[in-house]
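We number each residue from 1, following the sequence as shown. Not measured: the values here are computed from a predicted model.
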Amino acid sequence: MPYPTDHERDRPWVMRTYAGHSSAAASNELYRRNLAKGQTGLSVAFDLPTQTGYDPDHQLSRGEVGKVGVPVSHIGDMRRLFDGIPLAEANTSMTINAPAMWLLALYVSVAREQAEAEGRDVDEVLAKLTGTTQNDIIKEYLSRGTYIFPPGPSLRLITDMIAWTVHHVPKWNPINICSYHLQEAGATPTQEVAYALCTAIAVLDAVRDSGQVDAADMAKVVARISFFVNAGVRFVEEMAKMRAFTALWDELTRDRYGVTDPKARRLRYGVQVNSLGLTEAQPENNVQRIVLEMLAVSLSRGARARAIQLPAWNEALGLPRPWDQQWALRMQQVLAFETDLLEYEDIFDGSHVIQAKVDEIMTGARAEIARVQDLGGAVAAVESGYMKSQLVGSLAEYRRGMENGERILVGVNKFETTEPSPLQAEGAKAIETIDPAVEKAAVTAIEEWRTHRDNDAVERTLTALKERARTTENLFESTVDCARAGVTTGEWAGALREVFGEYRAPTGVSAAPGGSGDPEIERVRARVRETEAELGERLRILVGKPGLDGHSNGAEQVAVRARDVGFEVVYQGIRLTPEQIVAAAVQEGVHVVGLSVLSGSHLEVVPNVVDGLRAAGAGDVPVIVGGIIPPDDAALLTERGIARVFTPKDYELTGIMDGIVSLVRERNGLS
């Protein structure tokens with residue numbers, strides 16, 4: 001979104017809702033409805049198989065297809081997703097990281113087809129494409145977990161994509177450096193700014209050193225770097241964070257990369273406000289939380305977001321309905337068009353209170369950036385586990401404050417008395433649900449796709465991609481060739497897996513600081529020791545992440561607290577099959593298995609673990625599960641043999657540990 005001159009009324013930001021589910025056809029219908037309601041940009045949510053480079057018929061895709069986004073397996077799906085939406089006139093944000101090159105290649109290929117069908121010049125249409133691919137793989141290793149390849153090859157894919165877009169799609173943002181998930185993983189405002197800028201340094205250094213962009217064009221690269229940030233409910237602090245972010249980005253791009261054009265140095269960022277801060281308890285309170293968080297990134301004209309998407313009030317309950325997304329869009333429209341917010345210059349310029357907070361964040365961020373650079377930069381700080389352990393420790397500190405009452409969450413740990421909510425009244429159908437038939441249809445569709453394409457052309461393009469991946473040449477054109485030949489998402493990612501290998505990032509659990517000294521932790525630790533003495537062995541818990549859900553924050557905090565109260569913890573990270581979890585539980589002889597699922601696939605993957613334990617002769621090992629699980633689903637899981645179900649309202653981790661000790665004692669016949 002272009003900036004106005006200083007004396008104009010500020011233009012409204014691009015207004016989006018993060019949307020996509022079930023199928024390309026269903027999502028296309030949703031996008032058309034949202035655009036008709038006044039949404040000015042599209043924000044595509046992809047399902048987890050697409051985000052992690054798998055086709056719908058892969059083993060790890062079971063239960064995940066179409067749940068948290070739209071499955072896009074090949075160019076046919078991309079055509080259907082944007083049917084009737086002219087891409088040359090659209091502004092599209094795609095939340096995609098490890099396969100970002102692949103999805104952009106599909107998008108560009110469809111834009112070419114649209115141009116050819118209309119008899120327009122292809123290069124002219126590509127030059128008009130506007131939008132963003134998130135494409136920040138470093139934060140995936142730290143927080144969200146949808147990475148595929150090791151850091152080196154991942155950075156190479158990002159570099160190749162940036163170089164190609166600068167020359168061919170000049171209005172596209174080829175990377176959206178994403179501090180959003182860093183905050184969800186526990187980052188303080190200082191850490192969020194510092195680690196995002198460390199990522200930017202790693203990316204810009206890689207592009208500069210690749211030789212694919214002339215030194216004179218580095219200003220063009222900098223001008224197309226965008227950011228995607230988080231805004232929590234402490235909106236004064238969050239606004240100061242964005243003012244600090246803006247000043248540090250200007251400083252960094254001027255001093256490190258020699259960008260002299262002030263417009264090219266502007267911090268260009270979009271935002272979604274804090275989804276994981278939304279509460280299951282009294283969820284109607286989330287409406288005011290969302291509005292206050294929106295103010296954090298809109299009040300300060302000098303650091304105002306240029307694109308905003310808001311979560312819906314009921315996202316802690318499950319998938320929001322179209323009406324819920326409409327409500328979130330209307331919040332933005334009321335602020336932009338009914339209030340006088342956009343009529344004034346920056347209303348905080350000259351405030352000594354705001355400036356003091358900005359200076360504090362800038363000072364802390366500079367120090368943390370220097371610390372990471374001393375370690376060898378963002379990639380090295382990921383590989384060593386430094387940044388991950390810092391985030392796990394910060395989130396543990398946040399949770400301790402919530403549990404001991406120092407940090408108040410209205411309706412959760414204070415002011416819990418409530419009236420029945422008409423928004424959740426019986427028969428209200430408070431969330432959207434995905435028909436299990438969606439996955440079956442996607443599996444059938446991709447099988448048919450493979451039988452009707454030119455499979456010789458597919459093999460040729462995949463072979464060429466692998467050969468080129470073994471060199472240092474740019475991979476984007478080879479990826480476009482794959483897209484146009486009908487290669488699938490899983491085949492493209494699989495070809496590069498053969499060359500680059502796969503990666504498992506450090507969990508950060510072992511290095512996270514503990515909670516020693518807390519009286520309640522000490523009490524539960526005494527119960528653990530007592531139980532161990534009666535059983536004659538250490539108490540062991542396996543914390544598992546089945547399926548493709550990479551949001552590991554909750555699992556990591558459970559693992560840290562279990563360690564603090566004295567359990568021996570088995571935690572192998574994310575993206576495990578039920579079979580792998582069962583094998584680890586049997587091999588380690590654990591006393592309880594705890595599963596974490598936030599993607600909505602709990603009804604499919606969790607019972608498979610229970611069945612696997614029974615088949616392995618370990619059916620007496622209790623299985624508990626935590627995640628965003630509606631009450632009806634919790635009842636079904638209990639019927640299937642799950643011992644306990646925890647949801648976001650169960651925030652007292654030490655109390656959960658106490659309950660787990662009681663469960664172990666009960667299953668082992670102890671009083």
Find out whether [X] and [Y] are in side-chain contact, i.e. whether some heavy atom of one side chain is under 4.5 Å from a heavy atom of the other.
{"X": "Lys139", "Y": "Gln134", "answer": "yes"}
{"X": "Thr133", "Y": "Leu103", "answer": "no"}
{"X": "Val236", "Y": "Lys357", "answer": "no"}
{"X": "Thr638", "Y": "Val645", "answer": "yes"}
{"X": "Asn230", "Y": "Glu192", "answer": "yes"}
{"X": "Asn97", "Y": "Arg144", "answer": "yes"}
{"X": "Arg561", "Y": "Glu403", "answer": "yes"}
{"X": "Leu653", "Y": "Gln557", "answer": "yes"}

[X] and [Y]: which non-hydrogen atoms are nearest, and at how many Å?
{"X": "Leu329", "Y": "Lys37", "value": "CD2-O, 3.9 Å"}
{"X": "Glu439", "Y": "Ser61", "value": "OE1-O, 3.8 Å"}
{"X": "Trp313", "Y": "Asn286", "value": "O-ND2, 2.8 Å"}
{"X": "Glu238", "Y": "Ala296", "value": "CB-CB, 3.6 Å"}
{"X": "Pro546", "Y": "Val597", "value": "CG-CG2, 3.8 Å"}
{"X": "Phe415", "Y": "Gln282", "value": "O-NE2, 3.1 Å"}

Is there a side chain to side chain donor-acceptor pair (under 3.5 Å) between Asn404 and Arg400? Walk through the geometry before answering. CA-CA 6 Å; Asn404 63 27; Arg400 280 192 286 270; over 6 Å; no
Return yes when atom CD of Glu89 has more than 12 non-hydrogen atoms of other residues, nucleotides or ligands closer than 6.0 Å, and no otherwise. yes
Counting neighbours of CZ on Arg234 that are heavy atoms of other residues, nucleotides or ligands and sit closer than 6.0 Å, is the number greater than 12? no
Is a side-chain donor or acceptor of [X] paired with a backbone partner of [Y] at a separation under 3.5 angstrom?
{"X": "Asn274", "Y": "Gly277", "result": "yes"}
{"X": "Asn135", "Y": "Pro174", "result": "yes"}
{"X": "Asp250", "Y": "Ala247", "result": "no"}
{"X": "Arg11", "Y": "Arg306", "result": "no"}
{"X": "Asp650", "Y": "Phe646", "result": "no"}
{"X": "Asn413", "Y": "Met402", "result": "yes"}
{"X": "Lys545", "Y": "His551", "result": "yes"}
{"X": "Ser43", "Y": "Arg16", "result": "no"}
{"X": "Thr17", "Y": "Ala19", "result": "no"}
{"X": "Glu280", "Y": "Lys649", "result": "yes"}

Tell me, with the steps shown, if Glu604 and Lys67 meet salt bridge (Lys or Arg N to Asp or Glu O under 4.0 Å). CA-CA 12 Å; Glu604 291 81 9; Lys67 285 281 174 63; 3.4 Å; yes
Derivation of the side chain to side chain contact (heavy atoms under 4.5 Å, CB included) call for Asn173 and Arg268: CA-CA 10 Å; Asn173 302 326; Arg268 301 164 55 255; 2.8 Å; yes
Strictly by modelled atom types, are [X] and [Y] linked by a side-chain donor-acceptor pair under 3.5 Å?
{"X": "Asn28", "Y": "Asp83", "value": "no"}
{"X": "Gln191", "Y": "Ser394", "value": "yes"}
{"X": "Tyr398", "Y": "Thr188", "value": "no"}
{"X": "Tyr195", "Y": "Glu368", "value": "yes"}

Report the C-alpha distance between Phe245 and Tyr269 in whole Å, list the side-chain angles of each, state the deciding distance to 0.1 Å, and finish with yes or no for ring-ring contact (aromatic ring centres under 6.0 Å, His included). CA-CA 10 Å; Phe245 214 145; Tyr269 77 96; 7.5 Å; no
Using 30° and 60° as the class boundaries, would you call the ring planes of Trp249 and Phe227 parallel, tilted or perpendicular? perpendicular
Measure the spacing between [atom1] of [X] and [atom2] of [Y] and express it to the nearest 0.5 Å.
{"X": "Asp549", "Y": "Ile574", "atom1": "CG", "atom2": "CD1", "result": "8.5 Å"}
{"X": "Gln326", "Y": "Gln333", "atom1": "CD", "atom2": "CD", "result": "8.5 Å"}
{"X": "Arg304", "Y": "Asp10", "atom1": "CZ", "atom2": "CG", "result": "4.5 Å"}
{"X": "Leu142", "Y": "Ile137", "atom1": "CG", "atom2": "CD1", "result": "10.5 Å"}
{"X": "Ile290", "Y": "Leu278", "atom1": "CD1", "atom2": "CG", "result": "5.0 Å"}
{"X": "Ile642", "Y": "Ile624", "atom1": "CD1", "atom2": "CD1", "result": "10.0 Å"}

Should Glu416 and Val410 be marked as a side chain to side chain contact (heavy atoms under 4.5 Å, CB included) after you check the CA-CA gap, both sets of side-chain angles, and the distance that decides it? CA-CA 7 Å; Glu416 298 158 73; Val410 174; over 6 Å; no
Only one of Ser601, Pro71, Pro56 clears side-chain contact (heavy atoms from CB on, under 4.5 Å) with Glu64; which? Ser601
In sequence, state the C-alpha distance, the side-chain angles, and the governing distance for Leu310 and Ile308, and then conclude on side chain to side chain contact (heavy atoms under 4.5 Å, CB included). CA-CA 7 Å; Leu310 301 180; Ile308 298 176; 3.7 Å; yes
Six-ring centre of Tyr147, Arg575 cation under 6.0 angstrom, axis tolerance 45°: yes
Does the side chain to side chain contact (heavy atoms under 4.5 Å, CB included) test come out yes or no for Val606 and Leu637, once each step is laid out? CA-CA 8 Å; Val606 173; Leu637 289 173; 4.2 Å; yes
Before giving the answer on salt bridge (Lys or Arg N to Asp or Glu O under 4.0 Å), spell out for Glu29 and Arg33 the whole-Å C-alpha distance, their side-chain angles and the decisive distance to 0.1 Å. CA-CA 6 Å; Glu29 182 183 343; Arg33 290 208 309 270; 3.4 Å; yes
Less than 4.0 Å between a side-chain N and a carboxylate O, is that true for Arg289 and Glu293? no
Salt bridge between Asp349 and Arg243, side-chain N to carboxylate O under 4.0 Å? yes
